[in-house]
Amino acid sequence: MSETLSGESIPQLSGYSEAELDQAFAAISSEVAASAAALATPESVEAFRLQWLGRKQGRLKAISDAWLKSAPVEAKKLIGQRFNVLKAEIEQQLENAGNASASSALEIDVIDISLPGTGAKPGAEHPLVKTLNELVAIFARMGYSVGVGPEVETDFYNFESLNFPPGHPARDTQDTLVVAAQEQKPLRERLLMRTHTSPVQIRTMEQQPPPVRIVIPGKVHRNDAADATHSPIFHQIEGLCVDTNITFSDLKGTLDHAMKELFGSSVKTRFFPSFFPFTEPSADVQISCPFCGGKGCRKCKHSGWIELLGCGMVDPAVFGFVQEKQPAYDPKKISGFAFGMGIDRIAMMKYGISDIGLLYSGDVRFLEQFA
Ligand code: PHE
């Protein structure tokens with residue numbers, strides 16, 4: 001209330017006798033007590049302090065202006081004494097109220113030290129990343145370095161340079177999403193979501209002369225309907241080794257060793273003839289079932305073997321495409337092998353995950369199990 005802050009609301013003194021002064025000060029004193037009655041919050045205490053002790057607009061200053069300054073000299077002492085008593089009363093009220101509001105604030109903020117702590121929850125590696133890192137580490141120990149390449153790829157790198165010519169039926173096995181409205185571009189420049197990590201074989205060889213030993217983990221895309229074992233987005237790890245005198249037995253030894261590292265030393269491998277446009281000869285690799293040791297169980301569909309990856313010797317035609325930029329890849333002087341495997345399938349086998357969709361669900365209840 002702004003009037004209570006102004007000098008006008010101070011009543012005139014009726015006289016300067018002690019009785020008259022006592023009465024006038026008693027009225028102000030009961031005003032102090034009334035306005036101090038409900039000081040619960042620090043804000044209201046501060047408002048009270050300003051109301052009474054404010055240097056410019058405070059009521060005490062107004063009283064001093066109205067009563068003390070204009071008083072006859074002989075009354076000044078009597079008024080001054082009462083004035084000091086009043087001031088002390090106000091300060092006492094402030095002190096009481098300050099303590100009270102401070103202690104009520106303490107009650108609100110009080111810390112219950114018997115409550116359990118809020119421990120920091122450390123993150124955990126996603127099972128796919130875990131498997132990916134394990135695979136990379138196995139090949140790193142054999143001297144392989146790690147490469148990456150773009151997920152949005154050109155037709156040239158994803159297909160043509162890997163010996164899938166335009167219209168080749170092998171393209172039908174790797175249908176994918178294509179970027180729209182590129183009809184005006186030559187086919188080899190058109191963009192699509194890569195269907196495998198193999199384009200990074202070409203990109204790597206274009207960047208460096210032989211020898212090459214590299215693994216390339218990454219995300220790939222295919223027009224596959226999602227079910228328990230298929231996802232339109234999944235992960236592969238590619239391997240490429242090019243040097244002088246690289247033979248099919250190097251390929252067999254490398255993959256056999258990698259599978260033993262991954263699944264245990266009792267796991268066996270076997271190679272079957274297969275076809276990929278960019279390897280010749282090509283093979284599919286099976287491992288003996290790590291769950292039943294090859295006796296036959298549900299996991300290996302009672303065959304004792306599980307198919308895990310594709311591989312082969314780099315086709316000379318692939319070196320031909322690379323030679324446009326790196327002539328050192330002369331198929332008469334060097335040779336190499338390549339392999340590719342699905343990281344999701346391996347993660348599912350290792351951790352007993354029955355639905356590939358769980359890897360992409362982001363469901364914390366699933367992911368927590370790997371913490
Ligand atoms: N890129 C092939 C696929 O996705 C796998 C593969 C890689 C086969 C390297 C041979 C050599 O099916």
Side-chain angles (χ1 to χ4, degrees), residues 132 135-136 139 142 144 146-151 153-165 168-177 192-205 212-224 229-243 246-256 258-259 269-287 306-319 321-322 329 331 335-346 356:
L132 188 159
L135 279 158
V136 166
F139 285 100
M142 290 193 269
Y144 283 68
V146 185
V148 287
E151 255 176 79
E153 193 48 284
T154 62
D155 187 278
F156 177 75
Y157 284 111
N158 196 78
F159 290 127
E160 199 180 328
S161 65
L162 289 163
N163 210 22
F164 294 76
H168 192 281
R171 287 183 173 231
D172 296 348
T173 64
Q174 301 196 5
D175 189 17
T176 184
L177 288 170
L192 43 81
M193 301 309 290
R194 71 177 177 192
T195 57
H196 49 175
T197 42
S198 302
V200 194
Q201 288 188 31
I202 312 294
R203 289 182 175 277
T204 305
M205 289 189 278
V212 167
R213 279 172 182 77
I214 195 165
V215 282
I216 304 132
K219 198 177 278 177
V220 301
H221 303 251
R222 285 193 199 177
N223 182 14
D224 285 341
T229 55
H230 293 86
S231 163
I233 297 173
F234 59 103
H235 295 75
Q236 290 187 333
I237 185 163
E238 190 85 11
L240 175 68
C241 169
V242 182
D243 207 336
I246 299 294
T247 66
F248 199 88
S249 56
D250 294 317
L251 169 60
K252 284 186 79 173
T254 302
L255 288 178
D256 186 73
M259 291 303 112
T269 53
R270 60 181 193 182
F271 289 66
F272 286 85
S274 183
F275 174 79
F276 301 102
F278 44 95
T279 47
E280 183 59 33
S282 302
D284 284 330
V285 182
Q286 296 184 345
I287 61 165
I306 293 176
E307 191 165 311
L308 219 52
L309 61 111
C311 63
M313 301 306 291
V314 179
D315 193 302
V318 170
F319 289 135
F321 281 103
V322 173
Y329 286 91
S335 56
F337 64 75
F339 56 86
M341 59 188 114
I343 299 176
D344 305 65
R345 279 198 64 196
I346 295 172
I356 192 171

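When a ligand or atom number is given, it counts from 1 through the structure's own listing order.
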Would you say the side-chain atoms of [X] pair up with the backbone N or O of [Y], donor to acceptor, closer than 3.5 Å?
X    : Y    : answer
R345 : I356 : no
T197 : G218 : no
R194 : V200 : no

- Task: Identify the residue among F321, F159, Y157, F275 that makes a ring pair (Phe, Tyr, Trp, His ring centres under 6.0 Å) with F164.
- Result: F159
- Message: I'd like to know whether the aromatic ring centres of H196 and F276 sit less than 6.0 Å apart in this structure.
- Response: no
May I ask whether [X] places a heavy atom under 4.0 Å from ligand 1?
X    : value
Q236 : yes
F278 : yes
R222 : yes

- With only distance considered, is E238 within less than 3.5 Å of ligand 1 through an N or O on each side? no
- Numbering as shown, the atoms of ligand 1 that approach C311 to under 4.0 Å (heavy-atom distance):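 Here the atoms of ligand 1 in question are 8 (C), 10 (C), 11 (C).
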- Which of the atoms of ligand 1 are close to G340, meaning less than 4.0 Å from one of its heavy atoms? 6 (C), 7 (C), 9 (C)
- Message: One residue to check: S198. Relative to ligand 1, which of side chain, backbone, both or neither has a non-hydrogen atom less than 4.0 Å away?
- Response: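 Side chain only.
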- Query: Can you name the nearest heavy-atom pair linking A338 to T279, along with the distance?
  - Reply: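 Looking at all heavy atoms of both residues, the closest pair is CB-CG2, 4.5 Å.
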